[in-house]
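Before any comments, here is the structure.
Numbering of ligands and ligand atoms starts at 1, following listing order. All figures in this text were calculated on a predicted structure; none of them were measured in a lab.
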Amino acid sequence: MKPQTEQQLSFIPGITGLPHELARFPRFRYMGSKFRLLPWIHETLAGIGFETATDAFSGSGVVSYLLKAMGKQVLANDTLAFPSVLTSATVANNATRLNADDLQFVLASKARSQSERFIRSTYEGIFYTPGELSSLDDLWSGIRQLESPFKRAVAMAALLRSAIKRQPRGLFTVSDPTRYQDGRRDLQLNILEHFVEQVAIYNGAVFSNGLRNSATCKDVFEVQPGSDLVYMDPPYVPLADDNCYIKRYHFLEGLACYWEGKEVMMNTKVRKIAKPFTPFSYRHTALEAFDRLFRHFAESVQVLSYSSNAFPDLETLRSLMKRYKKSVDVLEKTHRYHFGTHAAAKRNVVSEYLIIGS
Ligand SMILES: C[S@@+](CC[C@H](N)C(=O)[O-])C[C@H]1O[C@@H](n2cnc3c(N)ncnc32)[C@H](O)[C@@H]1O
């Protein structure tokens, strides 16, 4: 079978009609990503008049990238560190790329102290090969010496995407590094080979829309309101325990900041980090959180992504938004998610909603 190239992976059915920059977006395998819904989201947003936009829960960053490509001034935000690295590199960054000398410098760097060998000393036997763990330490050592924050962001985004591609199923929930070796190209390349490829891909994704865009890593309620439009795609109250972002991606979250300020739970098999609290993930706090969210962004046109298998239900959300917005319209589309077990496949076919308050 012919290996899939990066270019082929970038295309999705129905991409026609999207701004051409989207074909260069480095797709990131992220739970709840709206990548496949982009043509619909684009069509919907294109019918609304606005100049500035906040993507309040940016995740993989694909909706922020779409908004940027639509010529809007974008503020991308997520409470986790690694999503904001992705949007720093692709949304806030209008022009900075890693040149050949930068790449050589990073590739030639070596961890300079025991504290710069944290990844190998913590994750040996858990993820990747020992040599690859050392590569991650070495690359990080080089990246932290790059002077330009946007160069660091491009390099870190490349490192994050290398790490997730090289990890079986793109998840960090299982500790056996030899499982799931299915011969896919992503599992055959080592971290260094991935990194070289990903730097070229992130360099290729950099473009300017002529506006000052930004990327932040904050709780949504700390985000300055006031954009003309806010796109909100919060996490769902989980139906099962495996819905947690930190459980799936703790390694990427640690990697994004070299575990600085993170507490590694050494008693867990996969050396997880503590899960940050978000009120959107619990039945007893979600209602109040949505009310507060709509109140926080009361001045903006609000676009909320939501789905039929989530809590609270559509009618509740509509009436909560109605407290702050004169008119609330609901658009619906069916969508199949690719996460979850085979047994869960049925509930992975859901109606997706865009709830629009203006
Ligand atoms: C469904 S995902 C967003 C997916 C994104 N729209 C995409 O297309 O990739 C939800 C995101 O909300 C973030 N999040 C959860 N609680 C948050 C909070 N209180 N403030 C800001 N972001 C939060 C999570 O880290 C996660 O990345």
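Against a heavy-atom cut-off of under 4.0 Å, Leu80 is close to the following atoms of ligand 1: 25 (O). Every atom of ligand 1 with a heavy atom of Ser60 under 4.0 Å away is listed here by number and element: 7 (C), 8 (O), 9 (O). For ligand 1, the atoms sitting less than 4.0 Å from at least one non-hydrogen atom of Thr278 are 15 (C), 16 (N), 17 (C), 18 (C), 19 (N), numbered in the order shown with element in parentheses. The contact set between ligand 1 and Lys218, taken as ligand atoms under 4.0 Å from a residue heavy atom, comprises 20 (N), 21 (C). For ligand 1 and Val220, the ligand atoms under 4.0 Å from any heavy atom of the residue are 18 (C), 20 (N), 21 (C).
Remark: Arg292 is positioned above the aromatic ring of Phe221, its terminal NZ or CZ atom under 6.0 angstrom from the ring centre and at most 45 degrees off the axis. Cation-pi geometry between Lys72 and Phe50 is met: the NZ or CZ atom falls under 6.0 Å from the ring centre, inside 45° of the normal. Cation-pi geometry between Arg283 and Phe311 is met: under 6.0 angstrom from the ring centre, within 45 degrees of the axis.
Atom CG of residue Leu139 and atom CZ of residue Phe195 lie 5.0 Å apart, to the nearest 0.5 angstrom.
No more than 12 heavy atoms of other residues, nucleotides or ligands sit less than 6.0 Å from atom CD of Glu51. Within 6.0 Å of CD in Gln114 there are more than 12 heavy atoms belonging to other residues, nucleotides or ligands.
Under the 3.5 Å distance criterion, with hydrogens and angles disregarded, no donor-acceptor pair is assigned to the side chains of Asp78 and Ser84. Defined by atom type and a distance below 3.5 Å, a donor-acceptor pair is missing between the side-chain atoms of Thr122 and Arg271.
Of the heavy atoms in Asp233, both backbone and side-chain atoms come closer than 4.0 Å to ligand 1. Only the side chain of Val62 comes within 4.0 Å of ligand 1, judged by heavy-atom distances.
Remark: minimum distance from atom 3 (C) of ligand 1 to any protein heavy atom is reached at Phe57 O, 3.3 Å. Of all protein heavy atoms, the one closest to atom 8 (O) of ligand 1 is Lys34 N, 2.8 Å. Summary of contacts: the protein heavy atom closest to atom 19 (N) of ligand 1 is Asp219 OD1, 3.0 Å.
The nearest non-hydrogen atom to atom 21 (C) of ligand 1, considering only Leu66, Val223, Thr79, Thr216, comes from Thr79.
Inclusion of Asp78 in the set of residues having an N or O under 3.5 Å from an N or O of ligand 1 is warranted. Note: no N/O pair closer than 3.5 Å links Tyr245 and ligand 1 by distance alone. Annotation: Tyr30 places an N or O atom under 3.5 Å from an N or O atom of ligand 1; distance criterion only.
Contact between Ser58 and ligand 1 is present, with at least one heavy atom of the residue lying under 4.0 Å from the ligand.
Between Val270 and Ile126, the shortest heavy-atom contact is CA-CG2, 3.9 Å.
Aromatic ring orientation, Tyr123 versus Trp259: tilted (interplanar angle from 30° to 60°).
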